[in-house]
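Input: a single structure, listed below in structure tokens.
Keep in mind it's a predicted model, so treat the numbers as computed, not measured.
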Amino acid sequence: MAAPFPPGPEGGWLLGSLADFRRDILGFYSRLARTYGDVASFRLGRHRTVLLNHPDHTEYVLTTGAKHFSKRTYVLKLLVPVMGNGLLTSEGDFWLRQRRLIQPVFQRQRIAGYGDVMVDYARRLLERWRDGETRDLHAEMMRLTLEIVGKTLFNADLEGDAHEVGAALEVVMANFLARWESLVPLPDWVPTPANLRSLRSRRRLDAIIYRMIRERRAAGAHGDDLLSLLLQARDEGDGSGMTDLQVRDEAMTLFLAGHETTASALAWTWYLLAVYSEEEAKLLAELREVLGDRQPTVADLPRLVRCERAVTEAMRLYPPAYAFGRLALADVEIGGYRIPRGTVVVACQWVTHRDGRFFEEPEAFRPDRWAGDLAKRLPRFAYFPFGGGQRVCIGSGFAMMEAVLILATVLPRYHFTLVPGHPVAPKAFVTLRPGKGIMAVLHRRE
């Protein structure tokens, strides 16, 4: 007897559940999991989708059954015009070759050299702040991580090319979100005002990055920035490197992934520490014990365990990558249900990370839950902020180092109190952003 198709809401005859999905993506996924269990189906217009809500099912899609799935979902195809064929969007042998070329760039000893840059730019941020002023912590972290990725990737300061790249990416990604939420998005070649703005921004991005590539190649690409390292990368088999187009695509991917995700993780960490003052006090005590009055360094990271737990727990509650999709390339069976070829399956970190089957008091911010052997006892994909399997985030070590060093630089100097009445709620953008920012008053510590 054939397995049944997963249960789910009927929705409207034309739009399916698109209206509910648009209104509140995170709430929609959460309600779907509560109502229909570990495997649930829904329809967005003509796109049939299945939501997986158990770590074992996520593990199957990412590891044991990965050959039956493709990353090239409808949503990811919308990113191709700006991201190109980089690690995020490429597939098959091409992706494998690129991954092998880029992997050495992110070896621990290489990225450790960027620790001083991260601390230095965090100190510059503190010099711009004033006691008692009100700031949007998400905007501040976006600016800071933009500066850091501009320096580490391009060896460029914010005032120049990195700022232009960041501003242009904002325009492009806003256009991506609007097209994603549209029932029938117009092709990007249709000259609507939004498409024209996006096209101009993409052309500006290409002009900046290709100019940098030409300059690095002319200089021999001997620098320590990530762009130079990409140009130096060679295939172990035939000794070939990347074309300018491949370098452009990977640089764009690293810029977006290395900028937005870390900023979101840090912004939510600051928010949670402002709400849970007792947890902030524990972190501050650790920093004073480990650092005294000096700035943190990469050598301090093994001792900054509470800081790392705080970031880990913040990414459990507010994972920057809140969901991912895969396209079924063949008929498969998951959790006793039939998943036909052509169906998109979604695993949602937002839902799984808050599942009471795996985490006690799942809605609470408890960094110390990671102090014991919880990570070993959990099912493998109960916590997966960086994805998993072959396609696990290549920059996860870079991101964690950056987040902990920034936390250790800022926290001893400033304390934050949230502005009363200002709503702080997550919005599912490209990453999980605070929809209206995180407005807070800055208090300089004595």
Side-chain angles (χ1 to χ4, degrees), residues 1-62 65 68-78 176-185 317-319 321-359 362-363 381-382 384 425-432 435:
M1 182 176 178
F5 190 73
E10 289 294 325
W13 71 271
L14 177 63
L15 301 181
S17 298
L18 186 62
D20 290 340
F21 182 81
R22 277 177 173 169
R23 192 177 303 114
D24 179 10
I25 294 175
L26 303 176
F28 176 77
Y29 282 150
S30 297
R31 288 191 300 274
L32 209 63
R34 285 197 304 268
T35 305
Y36 298 101
D38 288 340
V39 186
S41 67
F42 61 100
R43 184 170 55 84
L44 303 177
R46 60 187 176 87
H47 299 286
R48 174 60 66 179
T49 305
V50 169
L51 178 68
L52 306 176
N53 303 305
H54 195 281
D56 292 348
H57 304 333
T58 303
E59 183 172 13
Y60 174 76
V61 171
L62 290 180
H68 301 307
F69 298 92
S70 166
K71 282 197 73 173
R72 282 298 180 102
T73 61
Y74 164 74
V75 173
L76 205 61
K77 287 179 181 177
L78 294 177
F176 156 78
L177 186 67
R179 288 166 57 76
W180 175 35
E181 292 182 336
S182 173
L183 175 61
V184 184
L317 285 167
Y318 297 98
Y322 55 89
F324 72 85
R326 294 289 190 271
L327 179 67
L329 300 175
D331 294 349
V332 296
E333 186 174 316
I334 300 178
Y337 292 101
R338 175 178 55 88
I339 313 294
R341 178 178 179 271
T343 305
V344 172
V345 299
V346 173
C348 182
Q349 287 96 326
W350 171 267
V351 172
T352 306
H353 287 188
R354 290 167 174 256
D355 194 321
R357 291 176 293 179
F358 314 118
F359 300 98
E363 303 292 325
F381 284 92
F384 56 115
K427 176 176 174 55
F429 190 64
V430 180
T431 62
L432 192 65

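Counting heavy atoms from C-beta on, the side chains of Y318 and P426 come closer than 4.5 Å. Within the 4.5 Å cutoff, no side-chain heavy atoms of S41 are placed close to those of Y337. With contacts defined as side-chain heavy-atom distances shorter than 4.5 Å, the pair V344/H47 does not qualify. Side-chain contact check for Y322 versus F429: every heavy-atom pair is 4.5 Å or farther apart. Taking the side chain as every heavy atom from C-beta outward, T73 and V346 never approach each other to under 4.5 Å. Residues L52 and V61 form a side-chain contact, since some pair of their non-hydrogen atoms from C-beta on lies under 4.5 Å apart. Within the 4.5 Å cutoff, no side-chain heavy atoms of W350 are placed close to those of I25. Using a 4.5 Å cut-off on side-chain heavy atoms (C-beta onward), H353 and F384 make contact.
The number of heavy-atom neighbours closer than 6.0 Å to CD of E363, taken from other residues, nucleotides and ligands shown, is above 12.
Within the 3.5 Å criterion, the main-chain N or O of P340 finds no donor-acceptor partner in the side chain of D331. A donor-acceptor pair under 3.5 Å links the side-chain atoms of T352 to the main chain of C348, judged by distance alone.
Between R338 and P6 the shortest heavy-atom distance is O-CD, 3.4 Å. Nearest heavy atoms, T58 versus A347: OG1-CB, 3.6 Å. When all heavy atoms are compared, the tightest approach of F358 to P55 is CZ-CD, 3.3 Å.
For S17, the side-chain contact (heavy atoms from CB on, under 4.5 Å) partners two or more places apart in sequence, or in a different chain, are P9, F28, F42. Checked against side chain to side chain donor-acceptor pair (under 3.5 Å), D355 has the following partners two or more places apart in sequence or in another chain: R357.
Atom CG of residue L26 and atom CG of residue L432 lie 5.5 Å apart, to the nearest 0.5 angstrom. Rounded to the nearest 0.5 angstrom, R48 CZ and I339 CD1 are separated by 10.5 Å. Distance check, rounded to the nearest 0.5 Å: CH2 of W13 to CG of L15 gives 8.5 Å. Taking NZ of K427 as the reference point, atom CG of D24 lies at 9.5 Å (rounded to 0.5 Å).
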**Item:** Trace of the side-chain contact (heavy atoms from CB on, under 4.5 Å) decision for Y29 with N53
**Value:** CA-CA 9 Å; Y29 282 150; N53 303 305; over 6 Å; no

**Request:** Give the C-alpha distance, both sets of side-chain angles, the deciding distance and a yes or no for side-chain contact (heavy atoms from CB on, under 4.5 Å) between T49 and R43.
**Result:** CA-CA 6 Å; T49 305; R43 184 170 55 84; over 6 Å; no

Ignoring hydrogens and angles, write down the donor-acceptor pairs under 3.5 Å from the side chains of residues 323-330, residues two or more places apart or on other chains.
none

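For Y60 and H54, the ring centers sit 6.0 Å or farther from each other.
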